[in-house]
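Okay, so here's the structure we're looking at.
Nothing fancy with the numbering, it's 1 onward along the sequence.
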Amino acid sequence: MFPALTLNKILLWQAAITLVLASFHQSAPHRPELHPIRPHLEKNKILICPGFGHIANDYNGQNDLVPSLIQQGWDRSQIHVLNVNTSDWLNVFLRGMTDVLFWKGSASPTRPAFRWYLELVAEEMRKFRIENEDVKVILIGHSAGGWLARAAIGFLSEEVEGIEKRIDLKNVAGVVTLGSPHMAPPASVFDITRGALRITNEIFPGAYFAPAIKYITVMSCSIKGQGLAYDSYLRVCGVGDEVGDGFVPCCTGHLEGSIKITLEDVGHEEYGFLDHIQQWYDVMMEQMVYSMKEVAVDK
């Protein structure tokens, strides 16, 4: 038993280090014209859900997602990034180590390892409702933040033992994922989510709350599995010789029933860059205009 636990710990920490080191930025491209936001969206919000190892500031740089959305016409007050710190990600391992189901690879996202992230999403949604009870929120999840956003609106739309916070689905306009792995790795590959992604897919498969809630999956499929990309693809899907965004393989980046947008020549950290956002932003807005209307979620 002890050798296996030691190996799992090593794999978990190696995966965490790889995820953090995989982040990179390129020089800022030209800035497009500022587009005015559509009037009926002025009281609505965007909530950015950071990927594994990322923090809120990673999306606020000169050429990152927040300023790119502002360039499209959104007011800064409408854009919120989930307040995740580097130390928060240690919860996945520190809290997971005390959970038997985590070690067995059968831990739901509502278990200690990822519960804190789901609660952060629910808390932001609660704050939005205080400002405007009828607010509609677009959740944009980058990397692991995409499946965690799905898990949050799924599990916390119902009563969960040990979790007081809830998410009212009528306030969710849609979920947009950028380079997110939506498929759990095969049984032959060590699952660094320790079952959380697999269980999310089992209980809330595909675009589960569609059409009331819009699901858009954005994935780049042009970087071959070589070097770090090979190792990352192998860890995510069990096959290193794939194509993807350099970190997440394309074969895991879309959901059944989602609106699928496949990009070329976009790296894992580049989906929000000004040169690339137009490849998915207009589709997002076209879909969200309809979702902003009051529609009952029937599930």
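Separation of atoms SG (Cys251) and CD (Glu242) is listed at 4.0 Å; rounding is to 0.5 Å. For the atom pair CE of Met125 and OG of Ser157, the computed distance is 11.0 Å after rounding to the nearest 0.5 Å. Interatomic distance, Asn63 CG to Gln71 CD, rounded to the nearest 0.5 Å: 10.0 Å. We find the CZ-OG distance between Arg198 and Ser106 to be 5.0 Å, quoted to the nearest 0.5 Å. A distance of 11.0 Å separates CD1 in Ile153 from OH in Tyr208, rounded to the nearest 0.5 Å. A distance of 13.5 Å separates OG of Ser220 from CH2 of Trp280, quoted to the nearest 0.5 Å.
Considering every non-hydrogen atom in both Ile167 and Ala152, the closest pair reads CD1-O, 3.5 Å. Summarising the geometry of Tyr215 relative to Ala207, their closest heavy-atom pair is CD1-CB, 3.4 Å, with the distance given to 0.1 Å. Scanning all heavy atoms of the two residues, the minimum distance from Pro186 to Cys237 falls at CD-O, 3.3 Å. Shortest non-hydrogen contact noted between Leu82 and Ala56 is O-CB, 3.8 Å. The shortest non-hydrogen separation linking Ile199 to Phe155 is CG2-CZ, 4.2 Å. Residues Met284 and Ile216 come closest through the heavy atom pair CA-CD1, 3.5 Å.
Side-chain contact check for Val243 versus Ile223: every heavy-atom pair is 4.5 Å or farther apart. A heavy-atom distance below 4.5 Å is found between the side chains of Val92 and Phe52. Looking at heavy atoms from C-beta onward, Leu169 lies in side-chain contact with Phe209 at the 4.5 angstrom threshold. The shortest distance between side-chain heavy atoms of Phe273 and Val266 does not fall below 4.5 Å. Taking the side chain as every heavy atom from C-beta outward, Leu65 and Ile48 approach each other to under 4.5 Å. The side-chain heavy atoms of Leu118 and Ile163, taken from C-beta on, include no pair separated by under 4.5 Å. Residues Trp147 and Thr200 form a side-chain contact, since some pair of their non-hydrogen atoms from C-beta on lies under 4.5 Å apart. Taking 4.5 Å as the limit, some side-chain heavy atom of Met219 sits within range of a side-chain heavy atom of Val248.
Put simply, Leu139 and Ile55 are part of two different groups of oily side chains (I, L, V, M, F, W, Y) that touch within less than 4.5 Å, one to the next. By the rule that hydrophobic residues join a cluster once side-chain heavy atoms approach within less than 4.5 Å of another member, Val239 and Ile192 end up as members of separate clusters. By the criterion of side-chain heavy atoms lying less than 4.5 angstrom apart, applied directly or through intervening Ile, Leu, Val, Met, Phe, Trp or Tyr residues, Leu120 is grouped together with Phe93 in one hydrophobic cluster. A continuous path of ILVMFWY side-chain contacts below 4.5 Å connects Ile203 to Leu197, so both sit in one hydrophobic cluster. Linking Ile, Leu, Val, Met, Phe, Trp and Tyr whenever their side-chain heavy atoms come within less than 4.5 Å leaves Leu101 and Phe190 in two separate clusters.
Using modelled atom types, no side-chain atom of Lys224 and backbone atom of Ser222 make a donor-acceptor pair closer than 3.5 Å. In terms of modelled atom types and a separation under 3.5 Å, the side chain of Arg129 and the main chain of Asn132 share no donor-acceptor contact. The closest donor-acceptor contact from the side chain of Asp58 to the backbone of Pro50 lies at 3.5 Å or more, if one exists at all. Judged by distance alone, the side chain of Ser258 and the main-chain N or O of Leu255 form a donor-acceptor pair under 3.5 Å. Counting only distance, with no hydrogens or angles, the side chain of Asp231 and the backbone of Leu228 share no donor-acceptor pair below 3.5 Å.
Ring centroids of Tyr233 and Phe247 are separated by 6.0 Å or more, keeping the two rings apart. Aromatic ring centroids of Phe114 and Trp89 lie 6.0 Å or more apart.
Counted by atom type alone, Ser143 and His268 present one or more donor-acceptor pairs between their side chains at under 3.5 Å. Between the side chains of His142 and Ser180, no donor-acceptor pair is found at a separation under 3.5 Å. A donor atom on one side chain and an acceptor atom on the other are found under 3.5 Å apart for His254 and Thr262. Between the side chains of Gln72 and Gln278, at least one donor N or O lies within less than 3.5 Å of an accepting N or O. Side-chain atoms of Ser87 and Asn85 include no donor-acceptor pair closer than 3.5 Å. Using modelled atom types, one finds a donor on one side chain and an acceptor on the other under 3.5 Å when comparing Tyr271 with Asp245.
Between Lys45 and Glu131 a salt bridge is recorded (basic side-chain N to carboxylate O distance below 4.0 Å).
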Evaluate the criterion side chain to side chain contact (heavy atoms under 4.5 Å, CB included) for residue pair Asn171 and Lys136; output intermediate values, then yes/no. CA-CA 5 Å; Asn171 297 120; Lys136 291 288 188 178; 5.8 Å; no
Apply side chain to side chain contact (heavy atoms under 4.5 Å, CB included) to Val176 and Ile138, showing your working. CA-CA 7 Å; Val176 181; Ile138 303 172; 4.1 Å; yes
Go through the steps to decide whether Ile140 and Val175 satisfy the test side chain to side chain contact (heavy atoms under 4.5 Å, CB included), and finish with yes or no. CA-CA 6 Å; Ile140 301 180; Val175 177; over 6 Å; no
What's the verdict on side chain to side chain contact (heavy atoms under 4.5 Å, CB included) for Leu69 and Ile46, showing C-alpha distance, side-chain angles and the deciding distance? CA-CA 9 Å; Leu69 289 169; Ile46 287 177; 4.0 Å; yes
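Pairs of residues two or more places apart, or lying in two chains, that qualify as salt bridge (Lys or Arg N to Asp or Glu O under 4.0 Å) and include a residue from residues 95-124 are Asp99-Arg111, Glu123-Arg126, Glu124-Lys127.
Not counting sequence neighbours, Arg166 has no partner by the salt bridge (charged side-chain N to carboxylate O under 4.0 Å, His left out) test. By the salt bridge (charged side-chain N to carboxylate O under 4.0 Å, His left out) test, Glu256 is found to be paired with no residue, residues two or more places apart in sequence or in another chain being considered.
Heavy-atom contacts from other residues, nucleotides or ligands closer than 6.0 Å to CD of Glu159 number 12 or fewer.
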